[in-house]
Number of protein chains: 2
Amino acid sequence: MTLRRQHPIPLYQQLEATLRARIESGQYGTHHRLPSERELALHFGVSRMTVRQALDALAQAGLIYGKVGKGTFISEPKIDQQLAALTGFSEEMHKRGQAATSRVLKAASVSAPKEIATALQIDPKARVFSLVRVRLANGEPLAVENGFLPAHLCPDLLAHDFARESLYDVLRNQYGWRLVRAQQTVEARLATPDELKLLELKPPAPILVMERVTMVEQGFPIEYVRSAYRGDRYKFNALLTPAA
Amino acid sequence: MTLRRQHPIPLYQQLEATLRARIESGQYGTHHRLPSERELALHFGVSRMTVRQALDALAQAGLIYGKVGKGTFISEPKIDQQLAALTGFSEEMHKRGQAATSRVLKAASVSAPKEIATALQIDPKARVFSLVRVRLANGEPLAVENGFLPAHLCPDLLAHDFARESLYDVLRNQYGWRLVRAQQTVEARLATPDELKLLELKPPAPILVMERVTMVEQGFPIEYVRSAYRGDRYKFNALLTPAA
DNA sequence: GGTCAGTAATGGTCTAGACCAATTGGGAGA
DNA sequence: TCTCCCAATTGGTCTAGACCATTACTGACC
């Protein structure tokens with residue numbers, strides 16, 4: 001395997017991908033020692049700093065760790081992928097191997113309620129799109145999702161059919177927003193009468209309530225969403241890392 | 001502000017701390033442009049690559065973002081800190097400004113049950129420490145915590161008094177483990193009779209169940225813990241980032 | 001055999017350059 | 001006045017070195 005210069009993908013990312021593939025294929029065993037940085041540099045014909053850029057990224061991702069004087073070693077594999085890592089419902093269900101569909105209950109442009117405006121850091125009564133959907137996994141209702149997006153960040157959003165399309169896909173690909181962070185809270189409570197009906201439950205039913213504020217690269221919010229998941233069918237999953 | 005050479009803390013970390021302090025003090029406003037990398041290098045008397053090491057870390061943390069040809073800019077501040085970022089109960093409550101205490105229900109060395117051994121990636125029936133505590137915030141019961149740790153990774157663990165001491169403090173400072181990752185799941189269900197009594201609740205009471213496997217730098221698990229939080233008093237908080 | 005000093009290798013840090021693509025601003029020309 | 005092109009600036013990438021502390025290995029000496 002050699003790297004290609006004059007290629008749109010930088011060398012260190014090519015190297016990172018190459019090493020990541022080797023690691024994830026199990027070619028190196030757990031706690032196996034990688035070739036030294038100087039050997040890798042020589043072998044791939046790049047400078048040692050470029051090798052380090054690749055290794056730093058892999059260490060950041062938790063795949064390897066280094067010890068001065070000893071070498072760089074493979075970490076033990078993660079139990080699980082980051083199922084809920086900044087993905088929307090559609091992507092998450094796809095990763096879980098389930099078919100995601102939607103029933104749109106509301107798709108409208110409204111004036112932002114006070115608490116929504118606060119969460120989205122916009123002026124009260126600014127225009128926001130309100131999107132209410134029942135989310136189904138394999139045809140069964142799993143959650144009621146209530147989302148708000150500032151209208152000026154995604155004009156003509158409602159032209160899309162969100163019974164079929166993924167909201168995050170549209171934000172990323174149609175509007176070019178880079179979603180880089182989300183502040184999320186999760187709590188447990190009993191289902192309200194509305195939720196009982198929409199989710200086809202009988203009382204007393206535990207509900208997992210998720211609130212999420214999604215931020216773009218520039219640091220301002222682009223979406224506030226509050227979802228009510230069936231407690232008996234859904235488990236929220238996160239990979240925690242040390243505080244920044 | 002100048003940086004100190006011949007100092008145990010590397011230059012790029014000193015610079016990162018300096019810039020982070022400036023940003024978090026609000027000295028630069030939102031979307032304000034930072035001095036260019038070349039200007040920073042000149043001003044602090046270091047090379048541009050060292051400046052970039054500091055800026056990369058800040059970008060990784062979401063405090064700044066760069067645009068080729070334009071400059072490096074301050075992101076909008078995060079709404080919230082990463083309350084639950086790989087912290088134990090004691091640290092988390094401290095961040096929330098509450099007093100954390102414990103009532104130890106069990107502290108024993110046992111043979112690992114099968115599912116625990118699987119989660120901890122150890123041999124079935126290997127020795128593990130079992131630690132069951134009722135966790136109180138400001139004197140009121142908030143959660144029942146059921147933890148397991150492989151005995152060979154922390155011998156004599158039970159010599160500590162976990163009614164007072166923080167488990168994570170002991171793991172970090174007494175045993176020198178670096179906790180770098182945790183796989184966590186959160187779900188909602190109704191309280192069991194035991195939980196109703198320990199948490200002083202009346203049925204039907206929603207419970208937030210958290211399961212966590214904490215990993216050290218080498219990638220193997222050091223702790224499995226299953227906690228039952230009162231649904232009416234606790235909200236789980238996480239900062240999501242893009243998948244690695 | 002066992003101990004200890006010297007040496008080689010390693011990851012971590014740092015330098016002083018370089019080229020590139022994207023962006024910006026100013027000036028020449030219409 | 002307006003348009004278009006060129007030059008300067010910027011962050012992103014890359015190089016070929018350097019020194020350091022930690023670690024492991026190798027012999028020499030007791």
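Every chain is numbered from 1, with letters handed out A, B, ... down the list of sequences. Computed from a predicted model, the values in this text were never measured in an experiment.
Distance CG (B:Leu55) to P (D:dG11): 8 Å, rounded to an integer number of Å. Counting to the nearest Å, the P atom of D:dG11 and the CD atom of A:Glu217 are 14 Å from each other. Atom CZ in A:Arg38 sits roughly 13 Å away from atom P in D:dC19 (whole-Å rounding). In this structure, CD of A:Gln13 is placed 12 Å from P of D:dG12, rounded to the nearest angstrom.
Using a 4.0 Å heavy-atom cutoff across all strands shown, B:Leu11 reaches sugar-phosphate atoms only and no base atom.
Taking all atoms of both residues into account, the shortest heavy-atom contact from B:Ala100 to B:Phe89 is CB-CE2, 3.9 Å.
Between B:Gln53 and B:Met49, the residue anchored nearer the 5' end of DNA chain C, judged by the nucleotide with its closest heavy atom, is B:Gln53. Comparing A:Gly45 and B:Arg33 against DNA chain D, the residue whose closest nucleotide sits nearer the 5' end is B:Arg33.
For the atom pair A:Cys154 SG and A:Leu167 CG, the distance stands at 8.0 Å (nearest 0.5 Å).
Looking at residues two or more places apart in sequence or on another chain, you find a side-chain contact (heavy atoms from CB on, under 4.5 Å) between A:Pro35 and A:Tyr28, A:Glu39, A:Leu40. B:Arg5 meets the salt bridge (charged side-chain N to carboxylate O under 4.0 Å, His left out) test with no other residue; sequence neighbours excluded. Here B:Tyr168 pairs with nothing under the ring-ring contact (aromatic ring centres under 6.0 Å, His included) rule; sequence neighbours left out. When the salt bridge (charged side-chain N to carboxylate O under 4.0 Å, His left out) test is applied to B:Arg178, the partners found at least two apart in sequence or on another chain are B:Glu217.
Residues from residues 65-73 of chain B placing a heavy atom under 4.0 Å of any atom in DNA chain C, listed by number, are B:Val68, B:Gly69, B:Lys70.
Within the structure, every side-chain polar atom (N or O) of B:Arg52 is placed at least 4.0 Å from both OP1 and OP2 of D:dG11.
Bracketed by its first and final contacts, the part of DNA chain C lying under 4.0 Å from non-hydrogen atoms of chain A reaches from C:dT10 to C:dC14 in 5' to 3' order.
Salt bridge annotation for B:Arg172-B:Glu91: present, with a cationic side-chain nitrogen under 4.0 angstrom from a carboxylate oxygen.
In this structure, the side chains of A:Arg127 and A:His152 stay at 4.5 Å or more apart for every pair of heavy atoms.
Within 6.0 Å of atom NE2 in A:His94, 12 or fewer heavy atoms from other residues, nucleotides or ligands are found, so the atom counts as exposed in its surroundings.
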